[in-house]
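Keep in mind that what you see is a predicted model, and the values were worked out from it rather than measured. As a basis for the values below, the full set of heavy atoms in this structure was taken, side chains included, without hydrogen atoms, waters or symmetry mates.
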Amino acid sequence: MDSSHQPSVDEKRSTRTGGSPEGRDEIVAAVENGVAVNASGYRDQLERQYSLLGLAGIAITVDNAWIVLGSSILVSILNGGPPGLIFGLIVAVFYYSFIGAGLAELASAVPTAGGVYHWATIAGGPKYGRILGFFTGWINFYGWMFDLAALIQIMANICISMYSVYHQTTYTYEPWQVYITYLLVLWLCTAAVIFANRVIPHTQNIGMFFVIVGGIITIIVISAMPRCHASNHFVWGSFTENNLTGWPGGLAFLLGVLNGAFTVGTPDAVTHMAEELPHLKKDLPKAIGLQIGLGFLYAFCFAISLCYAITDIDALQGGFNTYPLANIYAQATAHADGAPNHGATFGLLFIIFCSSLLCCVGTVLTNSRTYWALARDNAVPLSPLFSKVNEKLGCPVPATLFVATIATALGAIPLGSPTAFLNLTGSFIILTTTSYAIPLAANVLTRRQYLPSATGSFSLGKFGMPINTLAVLFIVLFNTLFCFPFVYPTSTETMNYNSVILVGVVALTAVWWVVHARRNYPGPKIMRLYTHDGVPSDGRNVQVSEGVEVPVGRGEGGVEGLEEKEKNESDGGRLP
């Protein structure tokens, strides 16, 4: 630490037993006269309660890879059947590995709850950082909202399917029933996030148990129980006969990669938990790697087992907003005489129910932290309200309630459109990857000069430029493809509205920029730490706080100076 370090300034440190002194004692925030200022430049308000195990629990549970693969199988079942599903997953994991590596580096260098929102601000430099960060933050938030809606839609369909297992002869599917269930699940998860915040790390560990152990049990059951299995040709070589999209084979396959992308498409989820971790720069990259690696391993094994268990693919291609995985389970667990095995089918669905419910809790948590991070920087309407934190509950309650309210409205979309679920999943992928591409592209275009580096952080080094470049090119390619109509020729009912949603989100953000942000949005506090001609904003005494340079001391360079500076610069004179 600098020898001029003020005596009144301490550090808020984590404690870790064993290992090197650095590993045992990591600085997580600068503390001045009892006020802890974290990597975002704000007072620490959330409890740092997540260990690497808890963080991995959130990463694996929110990703929920093998369950999401099976639950969203309708996205790719028309795009080549089993071969499209399996090879599409491989392609998706391949290009998401580049995305994950780039995000892991950024998360380790700048571990903040704002995630890509803050990274785009920094990577854009002093000239473009403010506007790039603003658009990135909003696009990322909208993307996660569509993901939340899609996941709870899946959860609602799981509940309906569990009920119908024992009521097949009397039950008639109606979309409104799914929406009522959707609302019950959504607000149950919201209540858990608000009132049981300190229990959430344990619930995510339980969710990880269901994903890992439940995945093994499910794979064994659907591999061993079927009285007959599908042929090798059906699983690996039946793409042409199961391509029912109307598109040529190659294009149909690439469009079906959407299912694989939805399976592993949450690499930034844990980054929004940065201000609730004691070991940021080491644990965030590990959690991202675990999520993509374990997610692929389980999803790949599950996909193969699932495809060999299918005996009647026609039964899976009958509708867009249904839950075909329940039908596959029924086929896989049927008795030797063909009679349904209700207990086994229900048991497999119950594993998915438990894991998916906890996944929804983790996703509400992620979304609330994302919106809260934007509100702290006056980037959203009614920012003073939505930036509040109830420190007794350890939760930004207004932001959490707002997220649940928006999700309530999004959940009604499937009531009027047969392809609504496909649009929800596609929009999640397109919006979130667009928000990833902005900081990665800015990092490339500025030749990575604004990316901070600190001892112990994860760095791509000389491979950073090619990895970031490839990640951006893959995002542009697949986002373009995911805007194609799902079937050809198309109609208003089966049209793909992802491009409309993307343009709409950008347009709404642009309007809010003109109306509010251009004059009233100062940019995040973290901007003053990095993007003032590429050096700390005040040039005064700084210290490293988990890889982030944080001004300390009184006056212009300290907490009070930073807040005064923000007040003076919010008039519109700092940046055009």
Problem set entry | Sub-4.5 Å side-chain heavy-atom contact between Leu481 and Leu251 | yes
Under 3.5 Å donor-acceptor pairs involving side-chain atoms of residues 139-150, not counting sequence neighbours:
from, atom 1, to, atom 2, distance (Å)
Asn140, ND2, Asp268, OD2, 3.1
Asn140, ND2, Ser435, OG, 3.0
Trp144, NE1, Asp268, OD1, 3.2
Trp144, NE1, Asp268, OD2, 3.0

Problem set entry | Pairwise distance CG(Leu290) to CG(Leu297) - rounded to 0.5 angstrom | 11.5 Å
Problem set entry | Contact summary for Ser427 and Ile501, nearest pair of heavy atoms | OG-CD1, 2.9 Å
Seminar exercise, completed: Value for CZ (Phe134) from OG1 (Thr121), rounded to nearest 0.5 Å, stands at 11.0 Å
Problem set entry | Nearest non-hydrogen partners of Ala379 and Ser383, listed with the distance | N-OG, 3.6 Å
Exercise. Are the side chain of Asn443 and the backbone of Asn468 linked by a donor-acceptor contact shorter than 3.5 Å?
Worked result: no
Problem set entry | Ala442 to Leu132 - nearest heavy-atom pair and separation | CB-CD1, 4.2 Å
Problem set entry | ring-ring contact (aromatic ring centres under 6.0 Å, His included) between Phe386 and Trp372, worked out | CA-CA 6 Å; Phe386 293 119; Trp372 169 66; over 10 Å; no
Problem set entry | Pair Asn79-Phe253, side-chain contact (heavy atoms from CB on, under 4.5 Å): steps then yes or no | CA-CA 6 Å; Asn79 296 68; Phe253 170 75; over 6 Å; no
For this session: First locate atom CD1 of Ile60, then atom CH2 of Trp66, and finally report the distance between them rounded to the nearest 0.5 Å.
Result: 13.5 Å
Exercise. Closest approach of Pro439 and Leu106, non-hydrogen atoms and distance?
Worked result: CB-CD1, 4.3 Å
Exercise. Got Leu254 and Phe484 here, is their nearest side-chain heavy-atom distance under 4.5 Å?
Worked result: no
Exercise. Does Met465 reach the side chain of Val444, with side-chain heavy atoms less than 4.5 Å apart?
Worked result: yes
Exercise. Do the rings of Phe98 and Phe474 sit parallel, tilted or perpendicular, given the 30° and 60° boundaries?
Worked result: tilted
Exercise. With sequence neighbours left out, which residue pairs that include part of residues 87-106 fulfil the salt bridge (Lys or Arg N to Asp or Glu O under 4.0 Å) condition?
Worked result: Glu105-Arg448
Problem set entry | Separation between CG of Leu440 and OG1 of Thr433, rounded to the nearest 0.5 Å | 10.5 Å
Problem set entry | Main-chain N/O of Ala104 paired with Ser108 side-chain donor or acceptor, under 3.5 Å | no
Problem set entry | Side chain proximity check, Val116 to Ile438, heavy atoms < 4.5 angstrom | no
For this session: Spell out, as yes or no, whether a donor-acceptor pair under 3.5 Å connects the side chain of Trp138 to the backbone of Trp512.
Result: no
Problem set entry | Test side-chain contact (heavy atoms from CB on, under 4.5 Å) applied to Phe458 and Leu460, step by step | CA-CA 7 Å; Phe458 172 74; Leu460 297 175; 3.8 Å; yes
Could you go through residues 86-96 and list every donor-acceptor pair under 3.5 Å that involves a side-chain atom there, pairing it with any protein atom two or more places apart or in another chain?
none

Problem set entry | Contact summary for Gly265 and Tyr436, nearest pair of heavy atoms | O-OH, 3.9 Å
Problem set entry | Closest heavy-atom pair and its distance - Pro396, Ser368 | CG-O, 4.4 Å
For this session: Start with the C-alpha distance between Trp513 and Ile131, add both sets of side-chain angles, then the distance that settles side-chain contact (heavy atoms from CB on, under 4.5 Å), and finish with yes or no.
Result: CA-CA 8 Å; Trp513 171 265; Ile131 189 170; 3.8 Å; yes
For this session: Indicate yes or no for a side-chain donor-acceptor contact from Asn64 to the backbone of Cys359 under 3.5 Å, with no hydrogens or angles considered.
Result: no
Problem set entry | Side chain proximity check, Val361 to Val193, heavy atoms < 4.5 angstrom | yes
Exercise. Out of curiosity, Leu365 CG to Cys189 SG, how far, rounded to the nearest 0.5 Å?
Worked result: 11.0 Å
Exercise. Where do Leu85 and Leu69 land on the side-chain contact (heavy atoms from CB on, under 4.5 Å) test, with the steps shown first?
Worked result: CA-CA 9 Å; Leu85 176 71; Leu69 177 94; 3.8 Å; yes
For this session: Determine whether the side chains of Asp377 and Tyr117 contain a donor N or O and an acceptor N or O closer than 3.5 Å.
Result: yes
Exercise. Counting distance only, does the side-chain N/O of His516 pair as donor-acceptor with the main-chain N or O of Asn378 below 3.5 Å?
Worked result: yes
Exercise. What is the distance from atom CG of Asn498 to atom CD1 of Ile430, rounded to the nearest 0.5 Å?
Worked result: 4.0 Å
Exercise. Under 3.5 Å, side chain of Asn197 to main-chain N/O of Cys395, donor-acceptor pair present?
Worked result: no
